[in-house]
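Predicted model only: the values in this text are computed from it and were never measured.
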Amino acid sequence: MSRYWSDIVHSLVPYVPGEQPALAKPVKLNTNENPYAPSPRVLEAIRHELGETGESLRRYPDPVAKRLRAAVAAHHGIRVEQVFVGNGSDEVLAHAFQALLKHDRPILFPDITYSFYPTYARLYEVEYRTVPLTGEFAIRIDDYLPRAGNEHGGVIFPNPNAPTGHALPLAEIERLVAANTETVVVIDEAYVDFGAESAIALIDRYPNLLVVHTTSKSRSLAGMRVGFAFGHADLIDALNRVKDSFNSYPLDRLAQAAATAAYEDDEWLRMTSARVIASRERLTTALAALGFEVVPSAANFVFAKHPAHDASAIAARLREKEIFVRHFNAPRVNQHLRISIGTDAECDTLVDALKGIVA
Ligand SMILES: Cc1ncc(COP(=O)(O)O)c(C=O)c1O
């Protein structure tokens with residue numbers, strides 16, 4: 001707190017990212033990173049970009065990441081004008097809040113969802129209203145449809161949702177986008193490759209739909225910070241206007257090279273995602289055998305609760321063993337743990353530790 005702070009800084013409630021422990025070999029299941037390395041082509045592309053001397057680093061990177069956007073557009077079968085790229089999907093989401101969700105009525109998002117949304121809303125002074133998930137932690141599309149008494153300035157949620165892992169079918173997303181013609185719907189598909197259907201297929205038909213992706217999860221590039229938005233060229237234009245009023249070069253040369261290579265190796269994505277999905281099912285079974293209630297997940301994490309043990313106490317006991325999971329001290333979910341899917345060996349270490357805690 002300082003008298004030099006602006007009014008808005010006083011009122012911010014910053015997002016708290018999951019811990020990045022400075023340990024040699026933690027079992028790190030707290031930030032939904034991929035347990036597998038990125039495609040070997042990524043390393044090759046970074047080495048190629050650096051060359052013998054790092055000469056290319058003298059120059060600014062391409063401000064519009066044309067090659068990367070072309071590769072991603074080709075991958076999804078869309079036009080390059082329909083692709084925006086930013087420094088992680090967090091930055092893309094922030095621009096969407098500022099450029100597209102800032103309306104004169106409150107925007108809607110679920111009461112249990114990615115906790116960066118309320119932070120961005122406060123930062124950009126976007127009013128919002130939270131909509132309760134059902135008892136089964138599902139998003140009910142009817143609650144978001146525009147009708148008298150439910151006027152809103154836009155909708156944003158992840159599909160699959162975080163931290164629940166619950167996914168909606170594409171037909172439900174389309175029902176919302178088709179009915180909601182007056183404001184923008186943002187579908188944050190950070191985890192889509194682990195078992196949900198992408199709404200990118202809809203962007204040609206609905207000019208009010210923005211779909212956000214990241215390379216941090218299924219493409220194992222959380223350390224590179226590359227995210228995308230896909231939508232009608234007018235929506236992309238709005239994001240570019242904000243970007244060019246903020247930072248012309250959000251993606252460095254190595255990130256652009258790495259992400260382009262990752263999109264050129266779909267086989268790698270399929271192989272590593274299949275392994276993560278198989279481990280998720282295996283971990284779900286093991287947790288259920290220990291008495292945990294596990295929300296069915298289409299993501300690279302599971303959301304689980306033990307009826308007889310306090311979630312924050314379990315997280316603390318695991319932490320003593322250098323096993324990190326995520327606990328949110330928030331209404332409705334403070335008895336749950338969000339556990340990222342690691343390798344089978346990491347999941348086994350977790351399950352063995354949990355046996356000692358909940359037995
Ligand atoms: C739902 C959701 N959206 C977006 C992000 C941000 O991803 P990144 O900024 O790494 O692209 C996350 C990260 O955990 C997330 O859970």
Side-chain angles (χ1 to χ4, degrees), residues 14-18 20 31-34 38 42 64-65 68-69 71-73 75-76 78 82-101 107 109-110 113-121 123-124 126 154-163 165 167 173 184-196 198-200 203 209-231 235-236 238-240 242-243 246-247 249-252 254-256 258-260 262-263 269 273 298-301 326 338 340:
Y15 173 77
V16 182
Q20 298 291 343
T31 51
N32 299 343
E33 291 144 334
N34 201 304
V42 166
V64 294
L68 169 58
R69 283 169 50 239
V72 175
H75 173 81
H76 289 300
I78 58 179
Q82 295 172 304
V83 181
F84 176 81
V85 58
N87 194 275
S89 62
D90 280 339
E91 186 181 83
V92 176
L93 291 165
H95 290 342
F97 269 79
Q98 193 169 32
L100 299 169
L101 292 174
I107 66 161
F109 50 79
T113 194
Y114 187 34
S115 47
F116 231 135
Y117 300 158
T119 297
Y120 288 137
L123 177 63
Y124 294 117
V126 177
V155 176
I156 180 165
F157 57 75
N159 193 41
N161 195 11
I173 304 289
V184 173
V185 175
V186 180
I187 305 297
D188 176 354
E189 295 188 338
Y191 302 102
V192 72
D193 292 325
F194 300 108
S198 177
I200 293 177
I203 63 170
L209 171 64
L210 192 78
V211 179
V212 176
H213 275 204
T214 179
T215 60
S216 299
K217 312 298 180 183
S218 57
R219 287 191 165 76
S220 308
L221 288 179
M224 275 289 165
R225 314 305 301 128
V226 184
F228 302 96
F230 307 110
L235 301 188
I236 302 305
L239 297 175
N240 276 318
V242 170
K243 171 220 160 222
F246 176 74
N247 179 4
Y249 306 104
L251 252 66
D252 66 53
L254 303 186
Q256 292 190 30
T260 306
Y263 272 88
L269 170 110
S273 300
N300 68 337
F301 54 85
R326 193 88 199 255
R338 193 199 65 192
S340 310

On a heavy-atom basis, which atom in [X] and which in [Y] lie closest, and how many Å separate them?
X: A259; Y: T215; answer: CB-CG2, 4.4 Å
X: L209; Y: A199; answer: CD2-O, 3.5 Å
X: S340; Y: T31; answer: OG-N, 3.5 Å
X: P160; Y: G165; answer: CB-O, 3.7 Å
X: A99; Y: A238; answer: CB-O, 3.8 Å
X: Y191; Y: A162; answer: CE1-CB, 4.0 Å

What pairs with [X] under side chain to side chain donor-acceptor pair (under 3.5 Å), at least two apart in sequence or on another chain?
X: S115; answer: none
X: S89; answer: none
X: H95; answer: none
X: Q256; answer: none

For a 4.5 angstrom cut-off between non-hydrogen side-chain atoms, does [X] reach [Y]?
X: V226; Y: L68; value: yes
X: K243; Y: F84; value: yes
X: I236; Y: L210; value: yes
X: D90; Y: R225; value: yes
X: V42; Y: R219; value: no
X: Y114; Y: Y15; value: yes
X: V184; Y: I156; value: no
X: I200; Y: V192; value: no

How long is the straight-line distance from [atom2] of [Y] back to [atom1] of [X], given to the nearest 0.5 Å?
X: N34; Y: L269; atom1: CG; atom2: CG; value: 9.0 Å
X: T214; Y: E91; atom1: OG1; atom2: CD; value: 12.0 Å
X: N300; Y: D193; atom1: CG; atom2: CG; value: 10.0 Å

Keeping the roles fixed (side chain from [X], backbone from [Y]), state whether a donor-acceptor pair exists under 3.5 Å.
X: E189; Y: V211; answer: no
X: N161; Y: T113; answer: no
X: R69; Y: V83; answer: yes

- Item | Listed partners of Y124 passing ring pair (Phe, Tyr, Trp, His ring centres under 6.0 Å), at least two apart |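 Residues passing ring pair (Phe, Tyr, Trp, His ring centres under 6.0 Å) with Y124: none at all.
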
- Item | ring pair (Phe, Tyr, Trp, His ring centres under 6.0 Å) partners of F157, counting only residues at least two apart |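 Ring pair (Phe, Tyr, Trp, His ring centres under 6.0 Å) list for F157, sorted by chain: Y144.
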
- Message: For the aromatic rings, using the six-membered ring if either is Trp, is the centroid distance between Y120 and F109 under 6.0 Å?
- Response: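 No, too far apart.
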
- Message: Between L123 and F97, does the side chain to side chain contact (heavy atoms under 4.5 Å, CB included) criterion hold? Intermediate values first, please.
- Response: CA-CA 9 Å; L123 177 63; F97 269 79; over 6 Å; no

- Query: What's the verdict on side-chain hydrogen bond (donor to acceptor under 3.5 Å, both in side chains) for Y117 and D188, showing C-alpha distance, side-chain angles and the deciding distance?
  - Reply: CA-CA 11 Å; Y117 300 158; D188 176 354; 2.7 Å; yes

- Item | Residues K217, F194; criterion side chain to side chain contact (heavy atoms under 4.5 Å, CB included); working and verdict | CA-CA 9 Å; K217 312 298 180 183; F194 300 108; 3.9 Å; yes

- Message: If you apply the rule side chain to side chain contact (heavy atoms under 4.5 Å, CB included), what do you find for H213 with V72, and how did you get there?
- Response: CA-CA 11 Å; H213 275 204; V72 175; over 6 Å; no

- Query: Would F228 and V92 satisfy side chain to side chain contact (heavy atoms under 4.5 Å, CB included), going step by step from the backbone distance to the final call?
  - Reply: CA-CA 7 Å; F228 302 96; V92 176; 5.9 Å; no

